[in-house]
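The structure appears below as structure tokens.
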Amino acid sequence: MKQLLKEREGAVPASVRSDLEHIFRAAYPKVVGVAARVLGSRDEAEDVAQETFLAFGRTSVPAGEALGWLCVAAAHTALNHRRSGRRRATREEAASAPAGVAPDVAETVVARDEHQRVRAALSRLPRKQAVALVLRHSGLSYAEVAAALDLSPASVGTTVRRAESALREELNRDASSR
């Protein structure tokens with residue numbers, strides 16, 4: 001009964017980390033940014049960030065390793081979300097597609113199509129490469145990517161270059177199949 005009263009009074013339940021609010025405030029923009037790079041949607045990225053922080057709240061990851069853990073978890077969650085949501089997104093886009101495309105809208109449609117192609121190709125890469133690429137292009141340093149993925153800092157560059165090469169191959173394969 002005391003626990004229930006504490007929770008109703010706004011106290012943090014015992015099963016949630018005491019440092020969660022501080023870590024959330026510090027890391028939220030970066031976590032949303034990582035997810036948004038994969039998904040291309042701020043709204044979906046915020047949903048992924050919420051899932052990621054809920055999972056983090058139940059961990060015992062040291063506060064000093066929180067940002068790396070959160071960014072990797074956000075990338076993984078976003079990739080999973082992207083893979084599972086492909087069919088739904090295709091249906092939604094088809095339903096909202098304009099009947100006639102005006103010249104000023106054409107550039108937007110082409111850019112959106114290109115972003116979708118890149119995100120789809122990214123989701124076909126090996127998980128570690130995709131996550132390394134997303135983290136590096138989200139602004140994490142080589143050292144932060146290395147710590148987050150348990151790599152040596154020297155191998156981050158190689159992993160990112162291989163991921164970029166694999167992404168180009170996927171994009172070329174996609175372009176030749178059109």
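Just so we're clear, the structure is a prediction, and the values are computed from it rather than from any experiment. Numbers for residues simply follow the sequence, beginning at 1.
A donor-acceptor pair is defined here as one N or O able to donate and one able to accept, closer than 3.5 Å; no such pair exists between the side chain of Ser155 and the backbone of Leu151. A donor-acceptor pair under 3.5 Å is absent between the side-chain atoms of Arg127 and the main chain of Leu79, judged by distance alone. Side-chain atoms of Glu144 come within 3.5 Å of backbone N or O of Ser141 as a donor-acceptor pair. With hydrogens and angles disregarded, no donor-acceptor distance shorter than 3.5 Å links the side chain of Ser165 to the backbone of Arg161. With hydrogens and angles disregarded, no donor-acceptor distance shorter than 3.5 Å links the side chain of Arg82 to the backbone of Ser123. Counting only distance, with no hydrogens or angles, the side chain of Arg117 and the backbone of Leu171 share a donor-acceptor pair below 3.5 Å.
Atoms OG1 and NE2, from Thr52 and His76 in turn, are 10.5 Å apart once rounded to the nearest 0.5 Å. A distance of 9.5 Å separates OG1 in Thr77 from CG in Leu39, rounded to the nearest 0.5 Å. Rounding to the nearest 0.5 angstrom, the gap separating the CZ atom in Arg162 from the OG1 atom in Thr158 is 6.0 Å.
Cluster annotation: Val38 and Val160 are assigned to the same hydrophobic cluster (Ile/Leu/Val/Met/Phe/Trp/Tyr, side-chain heavy-atom contacts under 4.5 Å, transitive).
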Legend entry - Stepwise side-chain contact (heavy atoms from CB on, under 4.5 Å) check, Leu70 with Lys30: CA-CA 9 Å; Leu70 287 162; Lys30 185 69 82 174; over 6 Å; no
Legend entry - Pair Leu167-Gln129, side-chain contact (heavy atoms from CB on, under 4.5 Å): steps then yes or no: CA-CA 9 Å; Leu167 182 62; Gln129 286 183 357; over 6 Å; no
Legend entry - CA sep, side-chain torsions, deciding dist, call: Thr159, Arg136, side-chain contact (heavy atoms from CB on, under 4.5 Å): CA-CA 10 Å; Thr159 303; Arg136 183 66 184 128; over 6 Å; no
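In summary, Glu164 and Arg168 do not engage in a salt bridge, as defined by a charged side-chain N under 4.0 Å from a carboxylate O.
With Val32 as reference, Arg42 is the one residue of Gln50, Arg42, Arg37 to meet the side-chain contact (heavy atoms from CB on, under 4.5 Å) rule.
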For residues 21-28, which side-chain donor-acceptor pairs fall under 3.5 Å, sequence neighbours excluded?
{"from": "Glu21", "atom 1": "OE2", "to": "Arg25", "atom 2": "NE", "distance (Å)": "3.1"}
{"from": "Glu21", "atom 1": "OE2", "to": "Arg25", "atom 2": "NH2", "distance (Å)": "2.8"}

